[in-house]
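To start, the structure under review is shown below, and the notes come after it.
Side chains included, hydrogens not; waters and symmetry mates left out as well; all remaining heavy atoms used.
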Amino acid sequence: MRRGVVRILLAEDNITNQMVAVGILKKMGLRVDAVANGAEAVKALETLPYDLVLMDVQMPVMDGLEATRAIRNPQSAVPNHGIPIIAMTAHAMQGDRERCLDAGMNDYVAKPVDPHALAEALEKWLPKETLTTKDQPPGEDVGRVTPHGEAGGHEPDAPVFDRAGMMARMMDDEDLARTVIKTFLDDVPKQIEALRGYLETGDATSAERQAHTIKGASANLGGEALRAVAFEMEKAGKAGEMDVATAHLPELETQFARLKEVMNEF
């Protein structure tokens, strides 16, 4: 099969993560369309022929697990119920992989996405000879990015900006990195304001989801200190500890300001 024939559907609600994944896939010579939630993914699959779906697990409207079950349902309007679906999730807790597979997903890659791990998963599930070898990440450990675990506690010594980790995820494409950074710096203040609103109204579920979104985008861009604070707020939201989550908000804003200052020098 010739380069460019394969068509990937990416379901990812966060604009920063979406841009990173699209950039990686295009460098692999693949055509990709992006949607923002599971419902949009199901609708796209009803009308267009895709070869594989990269499905974020935690999304608004319809999450990745629910969308996968809908795609696999023989009664649905999706023509190809057996299309390969690869889960993408920042959750690394025991049992998450099993939940993805039980929903009907074929495989699982951790976020922030390591291009090498993604290439391996795509090679496993796509028709042979569809990836562009010259743009694939190296087979050695150079450029590999270790996914962030979810079990650890707060990380006060986390670096403000892990430039090397970010560039590895961007496959050393500085133009892509600059484009994504600009979008990230424009988007995160809106995300923080939305989080503030959920905290003020006591909406723990939405606060947890919003903190998760900030955490995921920060991890992709190497904003380790910001990611660590967002993770603490996500855990607090999940536990319903709104006072704890609210107490972390000033630190979240401080870490974003520090990250923005460093990123503006990139």
Indicate if [X] and [Y] have the same hydrophobic cluster label, given that clusters are the connected sets of ILVMFWY residues with side-chain heavy-atom separations under 4.5 angstrom.
X: Val229; Y: Val262; result: yes
X: Val61; Y: Tyr198; result: no
X: Val78; Y: Leu48; result: yes

Would you call [X] and [Y] a side-chain contact if the rule is heavy atoms closer than 4.5 Å?
X: Leu252; Y: Leu226; result: yes
X: Lys111; Y: Asp56; result: yes
X: Ile85; Y: Arg72; result: yes
X: Met170; Y: Val20; result: yes
X: Arg69; Y: Leu65; result: yes
X: Met242; Y: Leu199; result: yes
X: Leu45; Y: Asn80; result: no
X: Asp107; Y: Arg97; result: yes

What residue among Leu54, Val53, Leu118 forms side-chain contact (heavy atoms from CB on, under 4.5 Å) with Ile86?
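The single option meeting the side-chain contact (heavy atoms from CB on, under 4.5 Å) with Ile86 is Leu54.
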[X] and [Y]: which non-hydrogen atoms are nearest, and at how many Å?
X: Ala103; Y: Thr68; answer: O-CG2, 3.3 Å
X: Ser76; Y: Ile71; answer: OG-O, 3.8 Å
X: Leu185; Y: Phe256; answer: O-CZ, 3.8 Å
X: Ala34; Y: Gln18; answer: CB-CD, 3.5 Å
X: Gly222; Y: Arg169; answer: N-NH2, 3.6 Å
X: Met55; Y: Ala11; answer: SD-CB, 3.7 Å

What do the steps show when you test Leu30 against Leu122 for side-chain contact (heavy atoms from CB on, under 4.5 Å), and what is the final call?
CA-CA 10 Å; Leu30 301 170; Leu122 292 175; 3.8 Å; yes
Which distance, rounded to the nearest 0.5 Å, do you find between the [atom1] of [X] and the [atom2] of [Y]?
X: Lys238; Y: Glu208; atom1: NZ; atom2: CD; result: 6.0 Å
X: Ile181; Y: Leu221; atom1: CD1; atom2: CG; result: 6.0 Å
X: Phe184; Y: Asn17; atom1: CZ; atom2: CG; result: 9.5 Å
X: Glu234; Y: Glu232; atom1: CD; atom2: CD; result: 10.0 Å
X: Ile214; Y: Met233; atom1: CD1; atom2: CE; result: 7.0 Å
X: Ile24; Y: Leu176; atom1: CD1; atom2: CG; result: 8.0 Å

Side chains of Asn106 and Trp125: any donor to acceptor distance under 3.5 Å?
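No donor-acceptor contact under 3.5 Å links the two side chains.
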For Glu120 and His116, which I'm curious about, is there any donor-acceptor pair between the side chains at under 3.5 Å?
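Present: a donor and an acceptor within the cut-off.
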Please check: side-chain N/O of Glu40 versus main-chain N/O of Ala36, any donor-acceptor pairing under 3.5 Å?
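Between the backbone of Ala36 and the side chain of Glu40 there is a qualifying donor-acceptor contact (under 3.5 Å).
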Counting distance only, does the side-chain N/O of Arg31 pair as donor-acceptor with the main-chain N or O of Leu25 below 3.5 Å?
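Not confirmed, Arg31 side chain does not pair with Leu25 backbone.
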Identified side-chain hydrogen bond (donor to acceptor under 3.5 Å, both in side chains) counterpart of Glu253 within the set Arg196, His248, Arg258
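So the option named by the test is Arg196.
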Does the pair Arg227 and Glu224 meet the rule for a salt bridge (charged side-chain N to carboxylate O under 4.0 Å, His left out), with working shown?
CA-CA 5 Å; Arg227 176 193 65 80; Glu224 291 300 295; 3.2 Å; yes
Met88/Leu10 under side-chain contact (heavy atoms from CB on, under 4.5 Å): CA gap, chis, key distance, verdict:
CA-CA 10 Å; Met88 297 190 307; Leu10 170 69; 3.3 Å; yes
Working for side-chain contact (heavy atoms from CB on, under 4.5 Å), residues Met167 and Glu174:
CA-CA 7 Å; Met167 290 307 297; Glu174 290 198 358; 3.7 Å; yes
Could you go through the side-chain contact (heavy atoms from CB on, under 4.5 Å) check for Ile83 and Tyr50 one step at a time?
CA-CA 8 Å; Ile83 186 171; Tyr50 290 95; 3.9 Å; yes
Under 6.0 Å from the six-membered ring centre of Phe231 and within 45° of its axis: does the NZ or CZ of Lys235 meet both?
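Judged by the rule (NZ or CZ under 6.0 Å from the ring centre, within 45° of its axis), Lys235 counts as positioned above Phe231.
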For the pair Asp175 and Arg178, find out whether any cationic side-chain nitrogen is under 4.0 Å from an anionic carboxylate oxygen.
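So Asp175 pairs with Arg178 through a salt bridge.
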Within 6.0 Å of CG in Asn264, more than 12 heavy atoms from elsewhere:
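Counting neighbours around CG of Asn264, more than 12 heavy atoms of other residues, nucleotides or ligands fall under 6.0 Å, so yes.
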Surrounding CD of Glu261 (heavy atoms of other residues, nucleotides or ligands, distance under 6.0 Å), is the total greater than 12?
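No, not enclosed.
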